[in-house]
Amino acid sequence: MPELPEVEVTRRSFADAIHGATVLALRLGKPLRWPLGCAVDHLVGRRAGLAQRRGKYLWLPVGEEGLLLHLGMSGSLAFGRDLGPAGPHDHFELQTDRGLLRLHDPRRFGAVVWSTGLDAPPVSTLLAGLGLEPFDARFTGTYLHERLRGRRVAIKQALLVGDIVVGAGNIYACEALFLAGIHPASPAGRISRPRAERLAGSIRQVLAQALEAGGTTLRDFKDAHGVAGSFQMQAQVYGREGQDCRHCGTAIRRLVQGQRSTFFCPRCQTRS
DNA sequence: AAGTGGACCTGCTAGC
DNA sequence: TGCTAGCAGGTCCACT
């Protein structure tokens with residue numbers, strides 16, 4: 001579910017509200033991807049800071065320490081004073097004096113991990129190796145071209161790894177490649193300089209548009225106030241197999257790369 | 001070292 | 001109506 005736009009939309013929807021709140025209690029449901037790493041009452045009495053995002057991770061400072069959150073495939077956060085009783089898929093709750101922060105995650109690929117800081121393990125380990133933020137000024141066509149050099153994997157898969165640039169998951173990688181006119185199976189290392197330049201711009205453009213649209217809600221994504229995204233309405237290729245390309249009318253095709261579906265227009269997207 | 005496939009877990013939908 | 005197979009927004013790990 002949550003790629004960079006959804007995570008950022010989520011962050012913006014609760015960051016101000018929880019900033020400065022005092023932690024009253026913490027409750028855990030079923031196990032998530034990793035154990036919390038501290039006692040459930042460890043953070044009680046400390047104040048939440050301003051939530052930050054790195055890639056698809058969120059970092060919520062609490063006192064001098066903090067919590068790293070990941071929404072996995074099916075996670076979403078809710079924040080409010082009256083969220084009702086916890087359901088069977090609500091696996092993390094942070095009660096504060098300004099409201100309850102709740103992680104809802106049916107598939108439990110998400111995580112909440114305590115750490116003494118962003119630069120301390122285990123968080124530093126999880127974040128090590130992440131590529132540039134797409135809106136970082138250092139993320140240029142030259143950088144992208146340089147980092148793709150020598151890689152034989154398909155460009156679509158190279159983007160998903162996230163060690164070059166973070167934030168584009170399955171939906172936005174497909175959409176960015178469409179915008180750039182690049183076939184998803186093109187070998188990453190054979191992308192020309194000009195095409196890398198275009199792709200870098202397309203990645204930023206797609207993520208910015210999705211952010212503007214409040215993210216993509218395919219099934220159940222909601223921000224912390226329960227608002228759904230609408231980028232799915234403007235998707236050019238994702239989930240549109242068999243439908244007409246909005247640009248040239250050719251039927252959108254689906255292929256499987258690394259056990260994930262890729263959608264593309266066989267006419268608009270070329271290998272060179 | 002880079003590339004591949006499996007693993008984690010639950011729910012929904014299409015098809016028989 | 002009921003069962004089953006296949007699919008889903010992510011990422012880590014073991015193996016070649």
Side-chain angles (χ1 to χ4, degrees), chain A residues 1-11 29-35 53-58 68-77 87-92 103-113 121-131 147-177 185-190 203 206-207 209-211 213-223 228-235 237-242 254-263:
Chain A
M1 156 231 247
E3 304 181 33
L4 184 149
E6 291 74 32
V7 176
E8 179 61 18
V9 164
T10 297
R11 187 193 69 79
K30 286 188 185 177
L32 293 165
R33 177 163 196 155
W34 297 296
R53 181 190 55 74
R54 175 73 176 99
K56 299 170 191 169
Y57 289 92
L58 288 174
L68 190 77
L69 296 93
H70 197 286
L71 303 180
M73 287 279 263
S74 59
S76 60
L77 286 171
H89 301 304
D90 297 331
H91 302 301
F92 168 84
L103 175 67
H104 175 84
D105 186 7
R107 290 177 73 181
R108 290 191 283 126
F109 290 166
V112 182
V113 177
V123 163
S124 55
T125 312
L126 291 170
L127 301 185
L130 289 188
R147 292 295 309 272
L148 290 173
R149 200 168 62 191
R151 297 207 195 187
R152 292 186 212 173
V153 274
I155 182 62
K156 158 77 178 334
Q157 295 180 77
L159 293 179
L160 289 187
V161 173
D163 60 339
I164 298 177
V165 59
V166 295
N170 209 35
I171 298 176
Y172 303 118
C174 291
E175 295 296 319
L177 286 167
S186 311
R190 305 246 175 78
I203 291 169
V206 154
L207 294 176
Q209 277 176 220
L211 206 44
T216 297
T217 297
L218 292 182
R219 164 171 290 129
D220 52 14
F221 169 71
K222 302 272 173 57
D223 74 10
S230 66
F231 184 81
Q232 67 280 4
M233 311 293 293
Q234 353 169 4
V237 289
Y238 189 85
R240 300 192 64 240
E241 182 181 19
R254 183 179 85 99
L255 63 87
V256 176
Q257 296 178 287
Q259 309 168 88
R260 320 282 312 268
S261 287
T262 297
F263 300 88

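Labels below follow one simple rule: chain letters A, B, ... track the order of the sequence lines, proteins then strands, and each chain is numbered from 1.
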inquiry  = Between A:L159 and A:I164, is there a side-chain heavy-atom distance shorter than 4.5 Å?
reply    = no
ask   = Rounded to whole angstroms, how far apart are CZ on A:R53 and P on C:dG10?
value = 14 Å
task = Figure out the CG/P separation between A:L130 and C:dG10, and round it to whole Å.
result = 14 Å
task = Could you tell me whether the side chain of A:D220 and the main chain of A:S74 form a donor-acceptor pair under 3.5 Å?
result = no
inquiry  = For DNA chain C, report each stem as range with range, ordered by first number, or say none. Use Watson-Crick or G-U wobble pairs under 3.5 Å, at least 3 in a row.
reply    = B:2-8 with C:10-16, B:10-16 with C:2-8
key: C:dG6 and B:dG6, which share atom name P, separated by this distance in whole Å   = 14 Å
query = Please give, in whole Å, the distance from B:dT4 P to A:Q257 CD?
reply = 10 Å
query = Which nucleotide in the set C:dC7, B:dT4, B:dG3 lies at the smallest distance from any side-chain heavy atom of A:S261?
reply = C:dC7
ask   = Who pairs with A:Y57 by side chain to side chain contact (heavy atoms under 4.5 Å, CB included), at least two apart in sequence or on another chain?
value = A:W34, A:L68, A:H70, A:L126, A:L127, A:L130
query = Going 5' to 3' along nucleotides 5-15 of chain B, which nucleotides have protein heavy atoms under 4.0 Å from the base (write B), which only from the sugar-phosphate (write S), and which from neither (write -)?
reply = BB-BBBSS---
key: A:R53: salt bridge (charged side-chain N to carboxylate O under 4.0 Å, His left out) partners, not counting sequence neighbours   = A:E8, A:E133
Test salt bridge (charged side-chain N to carboxylate O under 4.0 Å, His left out) applied to A:R151 - qualifying residues, sequence neighbours left out = A:D163
task = Round to the nearest Å and state the distance from A:D163 atom CG to C:dG10 atom P.
result = 15 Å
task = Mind calculating the distance between OH (A:Y57) and C1' (C:dC12) to the nearest angstrom?
result = 9 Å
request  = Could you state the atom-to-atom distance from CG of A:L159 to C1' of C:dG10 in whole Å?
outcome  = 15 Å
ask   = Who passes side chain to side chain contact (heavy atoms under 4.5 Å, CB included) against A:T217, sequence neighbours left out?
value = A:F221, A:A228, A:Q232
ask   = Can you name the residues that form a salt bridge (charged side-chain N to carboxylate O under 4.0 Å, His left out) with A:R152, not counting sequence neighbours?
value = none
task = Apply side chain to side chain contact (heavy atoms under 4.5 Å, CB included) to A:A168 and list each qualifying residue two or more places apart in sequence or on a separate chain.
result = A:Y172
ask   = Starting at CG of A:L32 and ending at P of C:dT11, how long is that distance when rounded to a whole Å?
value = 15 Å
inquiry  = Please report the distance, rounded to the nearest Å, between OH in A:Y238 and P in C:dC7.
reply    = 12 Å
key: Closest to the A:R260 side chain, choosing from B:dT4, C:dT11, C:dC12   = C:dT11
Side chain to side chain contact (heavy atoms under 4.5 Å, CB included) partners for A:S124, two or more places apart = A:P121
